[in-house]
Number of protein chains: 2
Amino acid sequence: MSETTSSSAPCPDEQAVARFVERFALDLAQGGFPRMAARVFVRVLVSEDGACTAAELAESLGVSAAAVSGAVRYLIRVGLLVREREPGSRRDHYRVRDDMWYEAFARRDEQLGGWEETLRQGVAALGAGTRAGSRLDETRRFFEFLRVELPKLMDRWRAQRDGHGAAPEEDSADSP
Amino acid sequence: MSETTSSSAPCPDEQAVARFVERFALDLAQGGFPRMAARVFVRVLVSEDGACTAAELAESLGVSAAAVSGAVRYLIRVGLLVREREPGSRRDHYRVRDDMWYEAFARRDEQLGGWEETLRQGVAALGAGTRAGSRLDETRRFFEFLRVELPKLMDRWRAQRDGHGAAPEEDSADSP
DNA sequence: CAGTTTTTTCACAAATTTGTGAATAAGATG
DNA sequence: CATCTTATTCACAAATTTGTGAAAAAACTG
């Protein structure tokens, strides 16, 4: 490695970046993300401005405009990207939200609420007195717990990120 | 032998249970679960003992033994079921773990650790000084936060579940 | 160690998902 | 309003996933 010395300049090794994009996208896909959406998302994430046009995404990923369109629709729906249209330009820009992970977890909560409802019906079908019924109800309470606690956890993340370092409160996860 | 549905006896409406199994399994599949694994898991969950044989599962779900085999392998790997072999019997029993959700989240942590490592490489590729690099590093810190905090959250769940079975917090989601 | 029963493996078929190219719609500009 | 440019939709092809039947392997019994 002698010809391309881009270690200290603001010129990232594009090849290494591309490798990272594919790898992290694969990680996310593993975790239940649609594949193309994962790739598009990571591409935006590694862009210097945190925003890309559809054309840039299609070009850098080597995929069709249609694929990008579908992916950004998904990503906007789950709250990881926002669409921006600058007045002077015809191109939309897709930008990562600054509190993207907060948003992602917020959507999770909706899902949890739905699951709780399903479980309620299950408890009713089995009978609350049965062993199976009470097992199911414990599961419901677990999801309820998550639905209540995850937003709190996200608030703590926000606080740590924004205020951070200086005030190490060690009472972080206490129940009053 | 079963023509009437006695609603107050410990004889659950099998049809309603079957409906619930399919619906909750669908919910879980929505959330990234393999479909068959979801169905098998819910079937075990609604069994009175919390354990089933492969034959029972295949019969009640109307699927092949091979499908059950694959599903339980997955479920055991992610820690939601354990295999039990009773000495006298030839059949394995597949039992839901009592702290199944704890286990499920524990595995999530491994995944989070992997993602952090990937992100570290991404930061290196982009350069820590760049905007993209610092954005990526914030993402890494978020996952790190989760990896540390989720186990604590699970401990709190365990404590709440075991501890106050008698202390009723009436903040439960009770919407008539 | 033979005989059964249960579980797993494997090749293949069915079904779902995913991405593309071409056509269409939407939006801005002169 | 005509004309670009950009974004979306749609039918279809490719690829991955998922489930099955049959055969093999494993495990317990007598």
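Residue numbering restarts at 1 for every chain, and letters A, B, ... go by the order of the sequence lines. Note that these values count all heavy atoms, side chains included, but never hydrogens, waters or copies made by symmetry. Keep in mind the model is a prediction, meaning the values are calculated, not measured.
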Q: Find the distance between CG (Leu112(B)) and CD (Glu110(B)) and round it off to the nearest 0.5 Å.
A: 10.0 Å

Q | Nucleotide nearest Ser69(A) when distance is taken to its side chain, options dT8(D), dT20(C), dG19(D) | A | dT8(D)

Q.
Using whole Å, what does the distance between atom C1' of nucleotide dA27(D) and atom CD of Glu84(B) come to?
A. 17 Å

Q. Between Glu144(A) and Glu116(A), is there a donor-acceptor pair closer than 3.5 Å when you use the side chain of the first and the backbone of the second?
A. no

Q: Ignoring backbone atoms, establish whether Arg73(B) has a side-chain N or O less than 4.0 Å from OP1 or OP2 of dT9(C).
A: yes

Q) Would you say the side-chain atoms of Thr130(A) pair up with the backbone N or O of Gly127(A), donor to acceptor, closer than 3.5 Å? A) yes

Q) With sequence neighbours excluded, what pairs up with Glu103(B) under the side chain to side chain donor-acceptor pair (under 3.5 Å) test? A) Arg107(B)

Q: For Glu56(B) and Thr53(B), indicate whether the former's side chain and the latter's backbone hold a donor-acceptor pair under 3.5 Å.
A: yes

Q. Near DNA chain C, under 4.0 Å by heavy atom, which residues of residues 29-66 of chain B?
A. Ala54(B), Ala65(B), Ala66(B)

Q. With sugar-phosphate meaning primed atoms plus P, OP1 and OP2, does Tyr94(A) contact a base, only sugar-phosphate, or nothing at under 4.0 Å between heavy atoms?
A. sugar-phosphate

Q: Could you check how far CD of Glu86(A) sits from P of dT6(D), rounded to whole Å?
A: 13 Å

Q.
I'd like to know if the side chain of Arg95(B) reaches the main chain of Cys52(B), judged simply by a donor and an acceptor atom lying under 3.5 Å from each other, with no hydrogens or angles considered.
A. no

Q | Euclidean distance, atom OH of residue Tyr74(B) to atom C1' of dT7(C) [Å, nearest integer] | A | 21 Å

Q | Stepwise salt bridge (Lys or Arg N to Asp or Glu O under 4.0 Å) check, Arg158(B) with Asp162(B) | A | CA-CA 6 Å; Arg158(B) 235 185 216 174; Asp162(B) 299 343; 5.8 Å; no

Q: Could you check how far CZ of Arg77(A) sits from C1' of dT8(D), rounded to whole Å?
A: 16 Å

(Q) Between Arg85(B) and Val72(A), which residue's closest nucleotide on DNA chain D lies nearer the 5′ terminus? (A) Val72(A)

Table please: side-chain donor-acceptor pairs of residues 66-76 of chain B below 3.5 Å, with sequence neighbours left out.
none

Q: Run the ring-centre check on Trp157(B) versus Tyr102(B) and record whether the distance is less than 6.0 Å.
A: no

Short N/O separations, protein against nucleotides 1-5 of chain D, under 3.5 angstrom:
| unit_1 | atom_1 | unit_2 | atom_2 | d |
| --- | --- | --- | --- | --- |
| dT5(D) | O4' | Arg90(A) | NH1 | 2.9 |

**Q.** Stretch residues 18-27 of chain B: residues that reach within less than 4.0 Å of DNA chain C through a heavy atom
**A.** none

Q: Please round to the nearest 0.5 Å and tell me the distance separating atom CZ of Arg131(A) and atom CG of Asp49(B).
A: 5.0 Å

Q) Which comes earlier along DNA chain C counting from the 5' end, the contact point of Val68(A) or that of Arg83(B), where each point is its nearest nucleotide? A) Arg83(B)

Q: Determine which pairs satisfy side chain to side chain donor-acceptor pair (under 3.5 Å) with at least one residue from residues 27-38 of chain A, sequence neighbours left out, and list them in order.
A: Asp27(A)-Thr118(B)

